[in-house]
Amino acid sequence: MAQTIQVTLPDGKVLEVPAESSSYDVAAKIGPGLAKAALAAEVDGELVDLHRPLPGDCAVRLITDRDPEALELLRHSAAHVLATAVREHRPEAEIGFGPPIEEGFYYDFGVDEPFTPEDLETFQETMEEVVESDYPFERQEVTKEEARELFHDDPLKLERLEEFASDEVITVYRDGPFLDLCKGPHLPSTGYLKNYKLLSAAGAYWRGDETRQMLQRIYGTAFFKEKELTKHLERLEEAKKRDHRVLGRELELFTVDQRVGSGLILWQPAGSIIRNEIEEYEKDLIERHGYEIVYTPHVMSEKLFEISGHLENFEENMFGAMEMEGGRYRAKPMNCPGHICIYQAHQRSYRELPIRYAEFGTVYRYERSGVLHGMLRVRGFTQDDAHVFCTEDQVPAEIEALLDLVEEMLTTFGYPYTVELATRPEKAMGDPRMWRKAESELRAVLEERGVAYTVDEGGGAFYGPKLDFKLIDAIGRRWQGPTVQLDFNLPERFEIEYIGDDNERHRPVMLHRVLIGSMERFVGGLIEHYAGAFPLWLAPEQVRILPISEQWVEEASGYVARLREAGIRARLEERESLSYRIREAELRKIPYMGVIGEREAREGTVAVRRRGAGKKQEVFDRSAFLDRLKEEIGSRSLD
RNA sequence: GCUGGAGUAGCUCAGUUCGGUAGAGCAAUCGCCUCGUAAGCGAUAGGUCAGGGGUUCGAGUCCCCUCUCCAGCUCCA
């Protein structure tokens, strides 16, 4: 056996170190700074503990808090520290899983008494003690038999244990009194955990299965720098302030009424203006892109959904049947079957393709009561739905065109976005070969265009794979945005055809696409994105004109009439003191306030105060201000 | 749907400890004030205390059931 081993570093340099050295020794040899900063290492592509002996000649990349993997490591270790603390107070707690997640970590416990907010405080304090004790995270390889013995009191761990193959390496990690079945790796010791916070506790099914035991999950988050933790907590506060349910009520955008039913949105006039502006904008956009607007009924014969396969694949999400004259009807859960029927109203020639039907189609879906959430998760919603019927050859060009549409639309609303390719789910219709073909076509277009994307394995609709666009809002949250779905199945089921240039019958391909998705969800998201301060073109009330006193009401209302004549949503507000009205307009997030008093009446001007700009007012000639408003609205400016 | 929490005036919240028959601020309405950039002053009205049942001389308060909302799980546009 060699006395030394060769370690290749990311920059290509090769270090010679004694056999049995750890990544830490490598770091120390490079420099004391790195030794201090190192948290773990990637050895031959595998993430391992910093103090684990190296296997022989290998490639080593040291992980510090600057590497993206580091945060996961920190949070995973934080979860163990949490479990250590919980076990201190509730030794009988069964331990489930405790992984890092996107914004932090959680750990699931099987306890008889659910945790209270006071418990969380106690656990947070005890975590502090665990951190101060600076217990090393000790890795140990064990046999399945040994593991069974170690976890004989932990039924959840035992269940997990049985899933290991008999020859698989099983590892356990210990930090102080706490031992967990865990594949690692971890930070070197609990003392590395400095900035963390427990956030909430709630029930969670064991292994996400609602037929299984309900565990108690504690969520928390952790960061390397205190500033990052503070920033994260502030962001959570900010999100609370932007809650569309609160703003929606305050700004009178939408409401729900128990007499109407849960998950069914009533659009108030102000919200309707926003929705209508969006619809008008999109209509104009898609008509330029060769779409034709259609309308289909809200209630359709159940037979249609037998043909489409919805009854077979989607019934649990559909409203129940309505009986009438011996026939059964359903509220439509999707718009596609209706559009197909329009396509089939007469024989189609290849010369007509692609045909693009668009509808602001309202659909109804049964959603379990516990998932309903403001406008974001509802039981009735209007999709900006469209279906493109085209030949197979036309598919790439159609997808290209859709990517252009998406780009234009999202830029208008000020959303950056990411792209996901969602592939065949378990419950899927049609030939897997068609799925693969469809998936590779989507992939090809993305790659050709140089669009960065990730793959969501098994995330497709039951009838086809899809491209999902995720919006990133003003405070960095991700929302479901446009989707494009390729469908080889419905055309088969409905036996859709066109006559080709060979005078033979052919099957067209169908694309389903939404840009906005659901009006309800989109507007709910916009409320939070803009924090209720809508850009001028969307603002329900664009200008509020405020006469200084009763004396100037006539002068001011003349200007309001002029603005309204020009299509500006302007209103006069004459009651109460000026300060009162300014405050009210600010709280209402009205983009512009125009004050008219003696000076302005004399000079034919208006003193304009911009929402959020405080006392920095600007005096405009009244015509000039009108032109400026028109310009800002026309360009759909985001400022 | 499940686990936990919560429902008091349009909104935000007191009152629940110890059962004695509901209160504030904002909003609304009316009046006064005629006002120069984030709340002028006063008065009035507004509640089957989520709904139903029970215990009690008496229930917003204690017990049971139901509904709705919130957080999370699961699922999704």
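Quick note on labels: first sequence line is chain A, next is B, and so on, each numbered from 1.
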Ring centres of Y106(A) and Y219(A) under 6.0 Å apart? yes
Taking salt bridge (charged side-chain N to carboxylate O under 4.0 Å, His left out) as the definition, give me every residue that meets it alongside [X], ordered by chain and number, with sequence neighbours left out.
{"X": "E252(A)", "value": "R588(A)"}
{"X": "K615(A)", "value": "none"}
{"X": "R477(A)", "value": "D473(A), E528(A)"}

Please name the nucleotide paired to [N] by Watson-Crick or G-U wobble geometry with both distances under 3.5 Å, or report none.
{"N": "rG7(B)", "value": "rC67(B)"}
{"N": "rU29(B)", "value": "rA43(B)"}
{"N": "rG60(B)", "value": "none"}
{"N": "rU21(B)", "value": "none"}
{"N": "rC75(B)", "value": "none"}

Heavy-atom donor-acceptor pair, Q617(A) side-chain to rG36(B) base, under 3.5 Å: no
Scan nucleotides 44-50 of chain B nucleotide by nucleotide, 5' to 3', and note B when protein non-hydrogen atoms come under 4.0 Å of the base, S if they reach only the sugar-phosphate, - if neither. -------
Would you mind building the protein contact string for nucleotides 69-77 of chain B? One character per nucleotide, 5' to 3', B for base within reach (heavy atoms under 4.0 Å), S for sugar-phosphate only, - for untouched. SSSBBBBBB
Quick one: list whatever passes ring pair (Phe, Tyr, Trp, His ring centres under 6.0 Å) with W206(A), sequence neighbours left out.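 Expected list: F97(A).
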Looking only at atom types and distance, does a side-chain atom of R581(A) sit under 3.5 Å from a main-chain N or O of R575(A), one as donor and one as acceptor? yes
Would you tabulate the side-chain donor-acceptor contacts of residues 538-547 of chain A under 3.5 Å, counting partners in other chains and residues two or more places apart, or write 'none'?
unit_1	atom_1	unit_2	atom_2	d
E541(A)	OE1	R544(A)	NH2	2.9
E541(A)	OE2	R544(A)	NE	2.8
Q542(A)	OE1	R569(A)	N	2.7
Q542(A)	NE2	L536(A)	O	2.9

Strand contacts (RNA chain B) in residues 569-586 of chain A, 4.0 angstrom heavy-atom criterion: R575(A), E576(A), S577(A), L578(A), S579(A), Y580(A), I582(A), R583(A), E586(A)
Under the side chain to side chain contact (heavy atoms under 4.5 Å, CB included) test, which residues partner L264(A), sequence neighbours left out?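 If we apply the side chain to side chain contact (heavy atoms under 4.5 Å, CB included) test to L264(A), skipping adjacent residues, the hits are V260(A), Y364(A), R379(A).
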Kindly write out the residues that satisfy side chain to side chain contact (heavy atoms under 4.5 Å, CB included) with F488(A), not counting sequence neighbours, or none if the list is empty. M434(A), K437(A), A438(A), V509(A)
Restricting to pairs with a member in residues 571-609 of chain A, which pass ring pair (Phe, Tyr, Trp, His ring centres under 6.0 Å), not counting sequence neighbours?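 Sorted result for residues 571-609 of chain A: Y592(A)-F625(A).
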Tell me which pairs pass salt bridge (Lys or Arg N to Asp or Glu O under 4.0 Å) where either residue lies in residues 204-218 of chain A, with sequence neighbours left out. D108(A)-R217(A), E159(A)-R207(A), E159(A)-R212(A), E163(A)-R207(A), E210(A)-R368(A)
